[in-house]
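Numbers here simply count residues along the sequence, with the first being 1.
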Amino acid sequence: MRVLVYSDDASTREKVRLAIGRRPAADVPLVEVVECATQPAVIKHLDSGEIDVAVLDGEAVPAGGMGISRQAKDEVYDCPPICLIIARRDDRWLADWSRADAVVAQPIDPMALAEAVAGLLRSRSASRITSH
């Protein structure tokens with residue numbers, strides 16, 4: 001399964017990649033992480049249909065993960081589940097607006113992020129099985 005990680009900050013992408021690891025939970029398949037630093041790259045990968053889960057940095061600039069999430073949910077056919085990383089608890093309402101499927105707060109708790117991604121991978125697998 002492929003997990004897209006978006007942030008303009010390389011250290012944030014690395015923290016996410018390390019938290020997810022090769023297998024975020026024992027009952028999900030091995031994952032391949034695809035890193036992106038720009039909005040056009042994210043949309044290109046999501047449009048390809050080859051991404052199973054996306055983890056987007058809500059604080060990325062110039063295009064924040066919340067706006068990209070909203071755009072993807074509106075425009076990408078069979079949009080994969082999205083986990084949004086937010087900086088402040090008060091941003092949860094914006095995460096709801098962005099239609100993110102999961103939210104993890106900064107600083108990144110590796111266990112919480114791995115658990116959120118594993119849950120989204122499970123739901124993506126289940127939705128693909130039932131749709132075929």
Side-chain angles (χ1 to χ4, degrees):
M1 299 195 87
R2 298 180 90 192
V3 177
L4 180 138
V5 176
Y6 165 70
S7 178
D8 64 312
D9 183 341
S11 68
T12 299
R13 292 193 307 271
E14 180 181 21
K15 287 175 189 170
V16 171
R17 188 174 37 79
L18 292 173
I20 295 169
R22 293 286 295 141
R23 179 176 275 157
D27 65 329
V28 299
L30 291 174
V31 298
E32 174 189 347
V33 173
V34 177
E35 293 186 32
C36 293
T38 67
Q39 177 186 18
V42 172
I43 299 302
K44 178 181 147 207
H45 281 290
L46 293 178
D47 277 339
S48 76
E50 297 175 359
I51 299 299
D52 296 293
V53 170
V55 179
L56 308 179
D57 179 2
E59 299 301 306
V61 291
M66 290 183 217
I68 292 174
S69 176
R70 178 77 180 211
Q71 177 185 0
K73 292 294 185 173
D74 285 343
E75 298 176 4
V76 174
Y77 173 75
D78 194 26
C79 186
I82 294 174
C83 178
L84 193 60
I85 299 171
I86 60 173
R88 297 164 298 279
R89 289 186 194 272
D90 292 345
D91 288 343
R92 189 163 294 277
W93 75 272
L94 284 169
D96 289 343
W97 168 85
S98 73
R99 302 195 339 236
D101 301 280
V103 179
V104 175
Q106 293 263 23
I108 295 171
D109 174 348
M111 296 294 286
L113 182 58
E115 186 177 306
V117 170
L120 296 177
L121 287 167
R122 288 182 201 106
S123 70
R124 182 67 164 182
S125 292
S127 71
R128 289 218 162 145
I129 289 169
T130 58
S131 67
H132 293 307

Can you confirm whether L121 sits close enough to P24 that some side-chain heavy atom of one is under 4.5 Å from a side-chain heavy atom of the other?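 Sidechains of P24 and L121: in contact.
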
Tell me, which pairs form a salt bridge (charged side-chain N to carboxylate O under 4.0 Å, His left out) where one or both residues lie in residues 111-123, sequence neighbours left out?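 Matches after skipping sequence neighbours: D27-R122.
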
Listed once per pair and sorted, the salt bridge (charged side-chain N to carboxylate O under 4.0 Å, His left out) pairs that draw on residues 58-77, sequence neighbours left out: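 Listed once each, the pairs are E59-R88, R70-D74, K73-D101, D74-R99.
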
Residues in salt bridge (charged side-chain N to carboxylate O under 4.0 Å, His left out) with E32, at least two apart?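 Scan of E32 (salt bridge (charged side-chain N to carboxylate O under 4.0 Å, His left out), adjacent residues dropped) gives R2.
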
Under the side-chain contact (heavy atoms from CB on, under 4.5 Å) rule, what do V28 and R23 come out as? Steps first, then yes or no, please. CA-CA 7 Å; V28 299; R23 179 176 275 157; 4.2 Å; yes

Would a single hydrophobic cluster contain both W93 and L84, if residues Ile, Leu, Val, Met, Phe, Trp and Tyr are joined by side-chain heavy-atom contacts under 4.5 Å?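 L84 clusters together with W93.
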
Same cluster or not: I51 versus L30, using hydrophobic residues (I, L, V, M, F, W, Y) connected whenever any side-chain heavy atoms lie under 4.5 Å apart?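 No, it is not one cluster - the side chains of I51 and L30 are not joined through contacts under 4.5 Å.
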
Decide side-chain contact (heavy atoms from CB on, under 4.5 Å) for L4 and V55; before the verdict, give the C-alpha distance in whole Å, the side-chain angles of both, and the deciding distance to 0.1 Å. CA-CA 6 Å; L4 180 138; V55 179; over 6 Å; no

To check you understand the geometry: which heavy-atom pair defines the closest contact between S125 and M1, and what is its length?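 Shortest heavy-atom contact: OG-CE, 3.4 Å.
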
Any donor-acceptor pair under 3.5 Å from S69 side chain to G65 backbone: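 Here the side-chain-to-backbone pair does not exist.
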
CD1-CG distance between I68 and D57, expressed to the nearest 0.5 angstrom: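 Result: 9.5 Å between the selected atoms.
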
Using 0.5 Å steps for rounding, measure from the CD1 atom of I82 to the OG atom of S98.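 So the CD1 of I82 and the OG of S98 are separated by 7.5 Å.
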
Which residue pairs satisfy the side-chain hydrogen bond (donor to acceptor under 3.5 Å, both in side chains) criterion with at least one member in residues 39-48, sequence neighbours excluded?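 Only Q39-Q71 qualify under side-chain hydrogen bond (donor to acceptor under 3.5 Å, both in side chains).
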
Sequence-distant partners of V104, side chain to side chain contact (heavy atoms under 4.5 Å, CB included), two or more places apart: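 In terms of side chain to side chain contact (heavy atoms under 4.5 Å, CB included), with neighbours along the sequence ignored, V104 is linked to C83, L113, A116.
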
side-chain contact (heavy atoms from CB on, under 4.5 Å) evaluation trace for I86 with L94: CA-CA 9 Å; I86 60 173; L94 284 169; over 6 Å; no

Can you give the donor-acceptor pairs under 3.5 Å from side chains of residues 13-21 to other protein atoms, not counting sequence neighbours?
unit_1 : atom_1 : unit_2 : atom_2 : d
R13    : NE     : E35    : OE1    : 3.1
R13    : NH1    : S7     : O      : 2.6
R17    : NE     : E35    : OE2    : 2.9

